[in-house]
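Below you'll find the structure, written out as structure tokens, and then a few comments.
Source: prediction; values computed, not measured.
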Amino acid sequence: MNDLGWNQHQSVLRQQTTLARFGELALRSEDLDQILTEACRLVGEALGTDLAKVMELLEDGHTLRARAGIGWKPGVIGETTVKAEEHTSEGHALKTGRPMVSPDIGTETRFRYPQFLIDNGVKAVANVLIIGAKGRPPFGILQIDSREPRAFSDDDTVFLQSYANLIAAAVDRLRIMSDMRDAEARLRASLDRQQSALATGLLGFFEWDVPAGTLTADPHFARFYGLDPAAVAAGLPLADLAALIHPDDRAATVASIGETAALLADYEREVRLVYPDGERRCVHVRGRCCEQADGRALRYTGTIADVTASKAAEAALRHANEALEARVAERTRELVEANSRLRVEAEERERVEEALRQSHKMEAVGQLTGGIAHDFNNLLTGITGNLELMRARVTQGRTAELGRYLDAALTSAGRAASLTHRLLAFSRRQTLAPKPTDANRLVRGMEDLIRRTVGPGIAVETRLARELWPTLCDANQLESALLNLAINARDAMPDGGRLVIETANAALPAPPGETRSASGSVPAGEYMVLSITDTGAGMTPDVLARAFDPFFTTKPLGQGTGLGLSMIYGFMRQSGGHLDLRSAPGEGTTATIYLPR
């Protein structure tokens, strides 16, 4: 696997690991701001950018506030707001629900971007919607920002959508927990009010004559039990009150009363009552032995309170907690299943991509083998043919012409050696042969070949810089790179067009404290620059992002191996240079080669 294939494989692994790590955090943490901030940090690591933020949608439905993020200047997170209007990428993301990507906001014509992005050096933006729970509006937008132009691939946007869905699930889980806590707080407040009522003495009072087995009480007590206040004031048999106790509690309650009196202990118990009309209540009874003699209880006094409402509140609170636990468990299960599905989908996608890469590789190897066999066959024909002629002349005794045939055979052998050299250089098994090279002279020497190669329908123009700096590289490989790029340009202009080959000197400075140039893509230094510009159809951001991938091609089956740009890229890397590709649909393509002075 080459460097680019390995990097792509590593990128997929980083994204899978990020989904798993964030899924664990979303299930564990109850701090939304911590979850959102960590989400920004993890997604930034996964995509190789130090800028990310979550824009929360406010209640007005069109204002977004920077709720969390990493890499921003002071005054952005928690303070900055933007309007999600028609001409903004945020507005389109909220309206369509689809990811909105701007590879270079400096050339963006669809949307207008807020000033704070420019102030923070943002060049590229990807917006992904964070959906809301069923019946709720979206929570907001996950935004990934880059300080250099970049094209987000389809894999990147699929990863970001899955990641935003995990954020949405975490937000929904915390909202559910918050709603249940509010309900719990209201129930607890109701219970506290009931307890307060008990503490303030809003109760019925009673007095129990233990030896007589009768009970006297105030009118509140009598009315609560539905009894005649006068009869209760005169003394009511305890058995008459016991008849109101719930049948399931009656025996245990009567027994507890007797046991308490025998022990001279305080009495406290909750008792369920059933009235003649079927109504059910729950009372809390407290009593204290206030008179005794010879170790026997003579009289108890106490209070009774109706705790039906508080018991109902406790039951409701218990059911609410059970419901909360059930919903949290369900959400947890959904998150775990979602993570599992994402992991399976990622593994399946990686398997299919690997099979596709292998298929393309085998196809390319077949084409490459056929081409090599054809070239070598032609070269061997030249060698063997001249050798045959030399043998015939020797047999005839005609040696005067042997030198000419020998030269022709040696020329074919030299071409075969050159082909072998190029193949070994491509496979990285033979070092290049760099030497000082005048790129202007090389372009002039190839101009006729390029014109014949691209055909009469394409106008070829050269713009060669005066006093061009020489560069140290393998001239044969540079010729191959230039011819390959010209052929790619020709294929992009089937109806004709214009091809411009240009050379220039470039001194790229680096910002203070950095090693890369201001463009962010090429190391700082002095370079000879060779650019090839066509007026063809151009490339979409997805195609541009994969242009250097080995065996990737947009040409029909059998018409391209997908090796050309990857070979040029490898040659540039071996030569200490850089290959930059810029393109847009309908605007043509410019390939720029940077080789060190």
What is the distance from atom [atom1] of [X] to atom [atom2] of [Y], rounded to the nearest 0.5 Å?
X      : Y      : atom1 : atom2 : result
Arg65  : Leu58  : CZ    : CG    : 6.0 Å
Trp72  : Leu51  : CH2   : CG    : 5.0 Å
Asp104 : Ser146 : CG    : OG    : 10.0 Å
Ile105 : Arg112 : CD1   : CZ    : 12.0 Å
Ser102 : Asn127 : OG    : CG    : 7.5 Å
Ile245 : Leu273 : CD1   : CG    : 7.0 Å

Tell me the closest heavy-atom pair linking [X] and [Y], and the distance in Å.
X      : Y      : result
Ala151 : Pro541 : CB-O, 3.7 Å
Phe116 : Val82  : CE2-CG1, 3.8 Å
Val101 : Phe152 : CG1-CD1, 3.6 Å
Leu94  : Ala84  : CD1-CB, 3.4 Å
Leu36  : Ala68  : CB-CB, 3.6 Å
Pro138 : Leu129 : CB-CD1, 3.8 Å

Do [X] and [Y] come within less than 4.5 Å of each other through their side chains, counting heavy atoms only?
X      : Y      : value
Cys40  : Val54  : yes
Gln115 : Ile118 : yes
Met539 : Leu581 : yes
Glu270 : Val283 : no
Val43  : Ile144 : yes
Val128 : Ile141 : no

Thr88 vs Tyr113, side-chain hydrogen bond (donor to acceptor under 3.5 Å, both in side chains): CA-CA, chis, key distance, verdict: CA-CA 7 Å; Thr88 66; Tyr113 283 92; over 6 Å; no
Audit row: Gln161, Asn165, side-chain contact (heavy atoms from CB on, under 4.5 Å) steps and yes/no: CA-CA 6 Å; Gln161 190 66 70; Asn165 289 341; 3.8 Å; yes
Any salt bridge between [X] and [Y], counting N to O under 4.0 Å?
X      : Y      : value
Glu108 : Arg110 : yes
Arg286 : Glu268 : yes
Lys95  : Glu86  : yes
Lys53  : Asp145 : yes
Lys73  : Asp119 : no

No-hydrogen, no-angle side-chain donor-acceptor test under 3.5 Å, Ser256 and Tyr267: yes
Worked check of side-chain contact (heavy atoms from CB on, under 4.5 Å) between Thr216 and Val232: CA-CA 5 Å; Thr216 58; Val232 175; 5.6 Å; no
Whether the side chain of [X] engages the backbone of [Y] through a donor-acceptor N/O pair (distance < 3.5 Å, no angle test) should be reported.
X      : Y      : result
Thr308 : Cys282 : yes
Tyr163 : Ala39  : yes
Asp172 : Ala169 : no
Asp277 : Glu279 : yes
Thr49  : Glu45  : no

Pairs involving residues 32-66, ordered by first then second residue, that meet ring pair (Phe, Tyr, Trp, His ring centres under 6.0 Å) (sequence neighbours left out): none
Listed once per pair and sorted, the ring pair (Phe, Tyr, Trp, His ring centres under 6.0 Å) pairs that draw on residues 83-105, sequence neighbours left out: His92-Phe111
Partner residues of Pro137 under the side-chain contact (heavy atoms from CB on, under 4.5 Å) criterion, sequence neighbours left out: none
Sequence neighbours excluded, every pair satisfying salt bridge (charged side-chain N to carboxylate O under 4.0 Å, His left out) that has a member inside residues 227-249: Asp249-Arg272
Side-chain donor-acceptor contacts of residues 206-215 below 3.5 Å, not counting sequence neighbours, with atom names and distances?
| from | atom 1 | to | atom 2 | distance (Å) |
| --- | --- | --- | --- | --- |
| Glu207 | OE1 | Arg299 | NH1 | 3.2 |
| Asp209 | OD1 | Ala212 | N | 3.3 |

Glu90 vs Gln143, side-chain contact (heavy atoms from CB on, under 4.5 Å): CA-CA, chis, key distance, verdict: CA-CA 9 Å; Glu90 294 85 359; Gln143 291 189 329; 2.8 Å; yes
Step-by-step side-chain contact (heavy atoms from CB on, under 4.5 Å) determination, Val122 to Val125: CA-CA 8 Å; Val122 173; Val125 178; 3.7 Å; yes
Counterpart residues, ring-ring contact (aromatic ring centres under 6.0 Å, His included), relative to Phe139 (two or more places apart): none
